[in-house]
Amino acid sequence: MSPTRRTFLIGGGAGIGLVVAWGIWPRRYAPNLATIAGETGFGAWLKIGADGHVTVAVPQLEHGQGVYTALPQIVADELGADWRTVGVEAAPINPLYANPLALDELFESTLIHIPESVEMTVARRGALIVTGGSTSVRMFEDDCRTAGAAARALLCKAAARRWNVAWTDCAVDAGFVTHGTQRLRFADLAAAAASETIPDPLPIGVQGAGKLVGRSLPRLDVPAKVDGSAGFAGDIRLPDMVHAAIRQGPIGDARLIGVDRAAADRIRGVLTVVETPLWVAAIATTGWAAQRALDALAPRFASDAALPGSAGIARSLSDALAKPGQRIAAVGDLGTLLDGAGVVTADYTAAPGVHAALETTSATAAWRDGRLELWLPTAAPAAARAAAAKVAGISESAVVLHPTLAGGGFGATLDPLVAEQAALLAMRLKRPVSLVWSRGEDNAHDRFRPPAHARLRARLSSNGAIAAWHAAIAAPATGHALARRLLPGAGWALGTGDPYAVAGAQPPYRIPALRIDHHPAEIGVPTGHLRGGAHGYTAFFTESFVDELAQVAGTEPLSYRIGMLGGDARLARCLTMVAALGGWSGGAAGSGQGIACHSFRGSHIAVLAEAELANGRPRVARLVAAVDCGRTINPDLVLQQIEGGLIFGLAHALGASTGITAGRSDVRGLAGLALPRLVDTPDIVVEIVRSDEPPGGVGELGVPAVAPAIANALHAATGIRLRHLPLRR
């Protein structure tokens, strides 16, 4: 019998490491949320203090998206808490916080299919605790509501026992349990409530709760970020701690062959140098001394093979496109529709995308009393713990991971490499060590958004509508690589194709005959997930090509799109709304206006851009977006994420990329990435459609439609069609 995704995840998932029989795994998991004196725990999600504070445990990484507010808001809403008393902390690693939704959303169905009914069991036993794919609220809303409702019921039971009334006659109000004129604080009831029994069925959404969701409550993480008390990995200070700066070899099979230790020893504060075949680290009393020593070391690397470069990457993509691809999606029968005259064809390309988070890759580690402790921002804590344990040669039970806030990340924190490096340094030095990558190191060894080369072909029907569509996209199999990093041994669970690599390439329009093919390309450069994933380039390919087809059909781009949407009323509404908000002029020549749309993780967006070429460089004057993301927990968080996504999309439309020469990135600092500064940021208008639909993903939604909207606007302004990301003449 061949292995399946189900048997693989049981035996080889992150945090497991051994093939173990399915039957002996526990069916129930105990909460391990730590409490201190004066606190009472209520399951895995919250605890209440004797002083009245309510602390909500969040298993998702807070990297600016607001999850440290959204999930506590749901718990507090159902609990009936006073928002002024609510706090948040990172949840410990526990299968109870597994995120099976990421199996589909983050990996974009790259792993072989398993029944939805067993996904939670599989994810828990595989320790799939992941932040990604815009899944936080969609995955954990029900858990948060259940946790809040359960605690509320227990508090009401404890109060009812004191008052000698039926607990179902009690209500909650801003941190109090009430019954008529009687009131008791949660703090006064918490200890007694913990010994009560949760009712079955559990009432959810009743008894006076439900006053917080849907409101723009203040973010819980902002005060600490404003006053500087927020803890990031580079802020950790421990007794006897040292600082490390690291230099890794060029991309490829480079190995360390020499360093100038004598030069490093002359730097004041230098303590030692740690060498491995892949990297060298300078250890010093301060981070600045460590970085100076690293430069003095002048590490030398050698390789037995040619190192990757931009020209070679382009050839690899072109060669892959010339070979047969792997069918990812198909509708109808193309037959001979794309043969002969009348077929419209266009090639598009995208360069590697750089994460360029404000916080560079960082981790702090300490080996003491037979236990390895790690402090780092990680979107995959179980995978990071497993990786650290492996390089340290210890069991995972001997590793304690403290998740910190992340200064951005945008997908880079899914990778466990820095956890491995910090763990190895701590084990060798036998002292706490803070490892912070330089900006140059961060750019040079990023897990880039993959480069891609697409060839799109279409035939129009007699009325101008798209009758046939074929997208052939050459790109690395990034979904496979991502799965292997997060789920060791994932080769057992990978399908024959890589849907992640072409995710978002299927147009939202009704096209009778359609085919999407992935052409895997070996480029010799590591790739990974970046905010928006492959949608960041596939939406650019698709929505730019649709504009080209509208021009061939002689039809105005907005009505052309709406006419092909069929029953997709939500996306059509976004398009009409953004046209009204932005004063759409029809995208006529010289107007400088462009429009694009995208559906993504259960949400929908349309973007209107106004742009021009100024001194040969694109300049964007305005971005307008209409968004339908279903029911919102906190409207301000949604607005912040869409605005941030639009700016992120702008950055990757105009820059945030690098060439590669001899295994090294051409851009080593922020200056060369052409990131938008405040003066470059356009006027931004966002309208959120009021909806009662289930919440959709928001964190990545603002990214995909920006680049095609700008490209379409530049074409309207100049008549020049730009088909490369980042956009350039």
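Salt-bridge annotation for E275 and R428: absent, with no side-chain N of the basic residue lying under 4.0 Å from a carboxylate O of the acidic one. Between E700 and R531 no salt bridge is recorded (no basic side-chain N to carboxylate O distance below 4.0 Å). Classification of E420 and K390 as a salt-bridged pair fails, no side-chain N sitting under 4.0 Å from a carboxylate O.
Scanning both residues, V399 and A389, for their nearest heavy atoms gives CG2-CB, 3.8 Å. Considering all non-hydrogen atoms of both residues, V86 and V56 come closest at CG1-CG2, 4.3 Å. In terms of heavy atoms, A426 sits closest to A366 at CB-N, 4.1 Å. Nearest approach of A365 to L372, heavy atoms of both residues: CB-CD1, 4.4 Å. Taking all atoms of both residues into account, the shortest heavy-atom contact from L401 to P381 is CD1-O, 3.6 Å. The two residues A187 and G49 have their closest heavy-atom pair at CB-O, 3.5 Å.
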Pair N99-F140, side-chain contact (heavy atoms from CB on, under 4.5 Å): steps then yes or no: CA-CA 8 Å; N99 185 358; F140 294 112; 4.3 Å; yes

S136 vs Q60, side chain to side chain donor-acceptor pair (under 3.5 Å): CA-CA, chis, key distance, verdict: CA-CA 7 Å; S136 296; Q60 301 293 90; 3.0 Å; yes

Stepwise side-chain contact (heavy atoms from CB on, under 4.5 Å) test for R145 and D77: CA-CA 8 Å; R145 288 202 173 279; D77 179 74; 3.1 Å; yes

V222 vs V226, side-chain contact (heavy atoms from CB on, under 4.5 Å): CA-CA, chis, key distance, verdict: CA-CA 6 Å; V222 165; V226 171; 3.8 Å; yes

Test log, rule side-chain contact (heavy atoms from CB on, under 4.5 Å), inputs L424 and W279: CA-CA 12 Å; L424 184 59; W279 49 265; 3.7 Å; yes

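When side chains are defined from C-beta on, L106 does not count as touching T135, because their heavy atoms never get closer than 4.5 Å. Contact annotation: the side chain of P72 approaches that of V58 to within less than 4.5 Å [non-hydrogen atoms, C-beta and beyond]. No side-chain heavy atom of L405 sits less than 4.5 Å from a side-chain heavy atom of P377. At a threshold of 4.5 Å between non-hydrogen side-chain atoms, the residues L79 and L155 count as touching. Under the 4.5 Å side-chain criterion, counting only non-hydrogen atoms from C-beta, V436 is not in contact with F232. Side-chain contact between W367 and E373 is absent, with no heavy atoms from C-beta onward closer than 4.5 Å. By the 4.5 Å heavy-atom criterion applied to side chains, T364 and L435 are not counted as neighbours. Side-chain contact between T131 and Q65 is present, with heavy atoms from C-beta onward closer than 4.5 Å.
Of the possible polar contacts, one joining the Q73 side chain to the I633 backbone as a donor-acceptor pair under 3.5 Å is found. Looking only at distances, a side-chain donor or acceptor of R439 sits under 3.5 Å from a matching main-chain atom of L358. One N or O on the side chain of H355 and one on the backbone of H529 form a donor-acceptor pair closer than 3.5 Å. Between the side chain of D442 and the backbone N or O of W437, no donor-acceptor pair lies under 3.5 Å. A donor-acceptor pair is defined here as one N or O able to donate and one able to accept, closer than 3.5 Å; such a pair exists between the side chain of S362 and the backbone of T360. With K47 contributing its side chain and A34 its backbone, the two residues share a donor-acceptor pair below 3.5 Å. Side-chain N or O atoms of Q421 include none that pairs as donor or acceptor with a backbone N or O of L425 at under 3.5 Å. The main-chain N or O of V242 is never found under 3.5 Å from a side-chain atom of R431 such that the two would form a donor-acceptor pair. Between the side chain of Q291 and the backbone N or O of A245, no donor-acceptor pair lies under 3.5 Å.
Ring orientation note: the planes of Y97 and W45 are nearly perpendicular, at an angle over 60° on the 30°/60° scale.
Rounded to the nearest 0.5 Å, atoms CD1 (I236) and CG (L374) are 11.5 Å apart. The structure places CG of L61 at 9.0 Å from CG of L414, a figure rounded to the nearest 0.5 Å. Distance check: N94 CG to I129 CD1 gives 7.0 Å after rounding to the nearest 0.5 Å. One finds the CD1 atom of I204 at 4.0 Å from the OG1 atom of T146 (value rounded to the nearest 0.5 Å). Put simply, CH2 on W83 and CG on L220 are 4.0 Å apart, with the number rounded to the nearest 0.5 Å. Here R219 contributes atom CZ and N634 contributes atom CG; the two are 9.0 Å apart, rounded to the nearest 0.5 Å.
Partner of I283 under the side-chain contact (heavy atoms from CB on, under 4.5 Å) criterion, chosen from L294, V273, T272: T272.
Side chains of Q248 and E441: a donor-acceptor N/O pair is present below 3.5 angstrom, by distance only. Judged purely by distance below 3.5 Å, without hydrogens or angles, the side chains of E359 and H63 never pair a donor atom with an acceptor atom. Judged by distance alone, the side chains of Y500 and H480 never bring a donor and an acceptor atom under 3.5 Å apart.
Heavy atoms from other residues, nucleotides or ligands lying under 6.0 Å from CZ of R371 number 12 at most.
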